[in-house]
> 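Below you will find the structure I want to go over with you.
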There are 2 protein chains.
Amino acid sequence: MALEHAILVSLLEKPGSGYELARRFDRSIGYFWAATHQQIYRVLKRMEHDGWIDAREVAQPDRPDKKEYSVAAPGRSALSRWLHEPIEPESVRHELAVKIRGAAFDDPAALIDEVERHRKAHTDRLAHYLAGERRDFTGPEAPETPDAGQELQHVVLRGGIAYERMTLAWLDDVIATLRRLGPER
Amino acid sequence: MALEHAILVSLLEKPGSGYELARRFDRSIGYFWAATHQQIYRVLKRMEHDGWIDAREVAQPDRPDKKEYSVAAPGRSALSRWLHEPIEPESVRHELAVKIRGAAFDDPAALIDEVERHRKAHTDRLAHYLAGERRDFTGPEAPETPDAGQELQHVVLRGGIAYERMTLAWLDDVIATLRRLGPER
DNA sequence: TCCTTCTATGCAACTCGTTGCATAGACAAG
DNA sequence: CTTGTCTATGCAACGAGTTGCATAGAAGGA
C-alpha cells in the first residue's frame, strides 16, 4: 500500500488537514495517485495512531476548526524505508483499451463518440499541466534556481505532459482506425 | 467493474478455461487489465451463475480435466450494453512518480538504481510488444487483409508500444535529473 | 523414490477502495 | 428565511483485490 506514503510526501511538501489533502488529491499529487477523502481520513487516523504524523487542532474564526497534520520522525523514517524498497511494475487498468478490443464484437463506429470524449478530457488535462508548468517552473514567476523538491516535481510533471501528448496521438490513431472499420460493416 | 467485461472480450476472441484465461491475463489482454487467477475463477463462477457464459467439461487424457467457457447470448448483450456506457477517466496509480517526489526528502541518487531497474523492465516489454507486432501484424506471417478484431488488437498494441517508448524517454529524463541533484547534496 | 514443475481449480481471511449518508458551522444568493 | 455552497470530519456497508493455503494428477529430473 502506498497511500500512506503519498500522504507523507504531500505532508512533507506542506502540512495540512485531511480536507486540504483531499483537495491536493484532486489536483497535483492526485494526478499520480488517486484517493477519495474517505480513504484519506481513515489512513490519517491510522498514521496518527502509529505515530507517523502529529495532529494539531487549529481554530479558525470564519470556518470550522481543522486538524493540521505534520510528519513526525517515525513517519519520515517509514518513508525513507519505503523509498529504498524496490517496487513492482505497475499493474495497469486501461478500461478504454478493453473496450476497443471489445468493439470488434459490436459496432466499432459506436465507440467513436466515447473516444472523442476521452480525447477532449486529455486535451484539457494537457493544457492544465502546461499552465502549471509555466506558472511554477518555466514562466517569469518561477524560481531561477529551483531546489531539489522543485526539480523533482517538475520532472514528474514532465512525465504527465509526455503521457498526455502520447495519449492524444494514440487516441487520434484509434479514432482513425474506428472510422476505417465503421462504414464497411 | 470491468473484469467481467475483459473476460467476455477474451472469451469472444477465443473460448478457454479459467486457467487459460489466467495465462492470457499474464500476457496479451493482461497488459491492459491485470487480474490474478483467484479473481478470474470467482468472477467466472458468478458469470456462469448469471448465465453470461456456458461451461463445458473437457476431459484431457494427459492433463487434469478442465472447464471450457464460452460466451452465451446474455453475456454478449451485457458486453454490448457496457460498450455503449460512458466510462470515467482512468484513476492513475503511479507509485514511481510518488517515489520520485518523495526523493526530495531523502537521497535522490539512491533512487537511480530503482529507476534503472524500471527502465530495463520497460525496455523488455517494448521488445516483447514489437516482437508481437511483427509476428501478428507487420511481419510476413501476418494476414494481408486483417479483420476488424485484428485491426483493433493492433491499434491497442500500438498504444502499448507508444506508452513504452514515452516511458523510456521519461525515465531517461528522470535518471538525468536524479544524477544532476545527487552529487550536490 | 522423492522433489519439483506444470496444469487445473478452489476456499478463507484480510485489506483496500467505493458509495451513500450524516453532521455542522459559515456565508452568499434569492 | 430558506436554500445552496464551501469547509471540515466522519460512519457503515459493500464490493473489489490480494495473499496464503490446499488439493490433485501427470511429467521429468536427481
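Chain letters run A, B, ... following the sequence lines, proteins first and then strands; every chain starts at 1.
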> Please determine, for the side chain of Q39(B), which listed nucleotide (dT18(C), dG10(C), dG17(D)) has the closest atom?
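From the listed options, dG17(D) comes nearest.
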> Under the criterion side-chain contact (heavy atoms from CB on, under 4.5 Å), I'd like the reasoning laid out for L152(A) against V156(A): C-alpha separation, chi angles, the key distance, then a yes or no.
CA-CA 6 Å; L152(A) 291 168; V156(A) 169; 5.7 Å; no
> Provide the closest heavy-atom pair for I100(B) versus L111(B) in the form atom of the first, atom of the second, distance.
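Closest pair (atom of I100(B), atom of L111(B), distance): CA-CD1, 3.9 Å.
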> Could you pick out which residue, A35(A) or K66(B), lies toward the 5' side of DNA chain C when each is mapped onto its nearest nucleotide?
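Closer to the 5' end of DNA chain C: K66(B).
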> Which listed nucleotide (dG17(D), dT9(C), dC11(C)) is nearest to the side chain of Q38(B)?
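In terms of side-chain proximity for Q38(B), the closest of dG17(D), dT9(C), dC11(C) is dC11(C).
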> Taking the six-membered ring for Trp, are H128(A) and Y31(A) closer than 6.0 Å centroid to centroid?
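Centroid separation for H128(A) and Y31(A): below 6.0 Å.
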> Provide, to the nearest angstrom, the distance between the CZ atom belonging to R42(B) and the C1' atom belonging to dA8(C).
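Rounding to the nearest Å, CZ of R42(B) and C1' of dA8(C) are 18 Å apart.
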> Does Y41(A) form a ring pair (Phe, Tyr, Trp, His ring centres under 6.0 Å) with Y19(A)? I'd like the steps, not just the answer.
CA-CA 8 Å; Y41(A) 281 119; Y19(A) 185 80; 8.1 Å; no
> Using a strict cut-off of less than 4.0 Å between a Lys/Arg side-chain nitrogen and an Asp/Glu carboxylate oxygen, indicate whether R179(B) and E116(B) qualify as a salt bridge.
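Salt bridge present between R179(B) and E116(B).
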> Calculate the interatomic distance between M47(B) atom CE and dA16(D) atom C1'; express it in whole Å.
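Result: 15 Å.
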> Starting at atom CG of D26(B), determine the distance to atom P of dA8(C), rounded to an integer number of angstrom.
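Between P of dA8(C) and CG of D26(B): 14 Å.
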> Does a distance-only test, which skips hydrogens and angles, find a donor-acceptor pair under 3.5 Å between the side chain of R46(A) and the base of dT15(C)?
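No such pair is found, so the answer is no.
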> Would you mind telling me which of dT9(D), dA8(C), dG17(C) lies closest to the side-chain atoms of E20(B)?
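Within the option list, the nearest is dA8(C).
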> Quick one: R93(B) CZ to dG17(C) C1', roughly how many Å, whole number?
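Atom-to-atom, R93(B) to dG17(C), this comes out as 7 Å.
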> Whole angstroms only, please: what is the NE2-C1' distance between H5(A) and dC16(C)?
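Rounding to the nearest Å, NE2 of H5(A) and C1' of dC16(C) are 15 Å apart.
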> Roughly how many Å is it from OH in Y41(B) to P in dT23(D), rounded to a whole number?
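Interatomic distance, OH of Y41(B) to P of dT23(D): 17 Å.
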> Once you round it to whole Å, what is the distance between P of dT23(C) and NE2 of H37(A)?
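After rounding, the gap between these two atoms is 15 Å.
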> Under 4.0 Å between a side-chain N or O of S17(B) and OP1 or OP2 of dT7(C)?
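Looking at the OP1 and OP2 atoms of dT7(C), neither is under 4.0 Å from any side-chain N or O of S17(B).
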> Each nucleotide N or O in nucleotides 4-7 of chain D that has a protein N or O under 3.5 Å away: list the pair and distance.
| unit_1 | atom_1 | unit_2 | atom_2 | d |
| --- | --- | --- | --- | --- |
| dT7(D) | OP2 | Y19(A) | OH | 2.8 |
| dT7(D) | O5' | Y19(A) | OH | 3.4 |

> Give a yes or no on whether E88(B) atom CD has more than 12 heavy-atom contacts from other residues, nucleotides or ligands under 6.0 Å away.
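Not buried by this count: 12 neighbours or fewer within 6.0 Å.
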> With a 4.0 Å cut-off, would you call E90(A) and R93(B) a salt bridge?
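Answer for the salt bridge query: no.
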> Round to a whole Å and report the spacing from CG of L44(A) to P of dC11(D).
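Spelled out: CG on L44(A) to P on dC11(D) is 12 Å.
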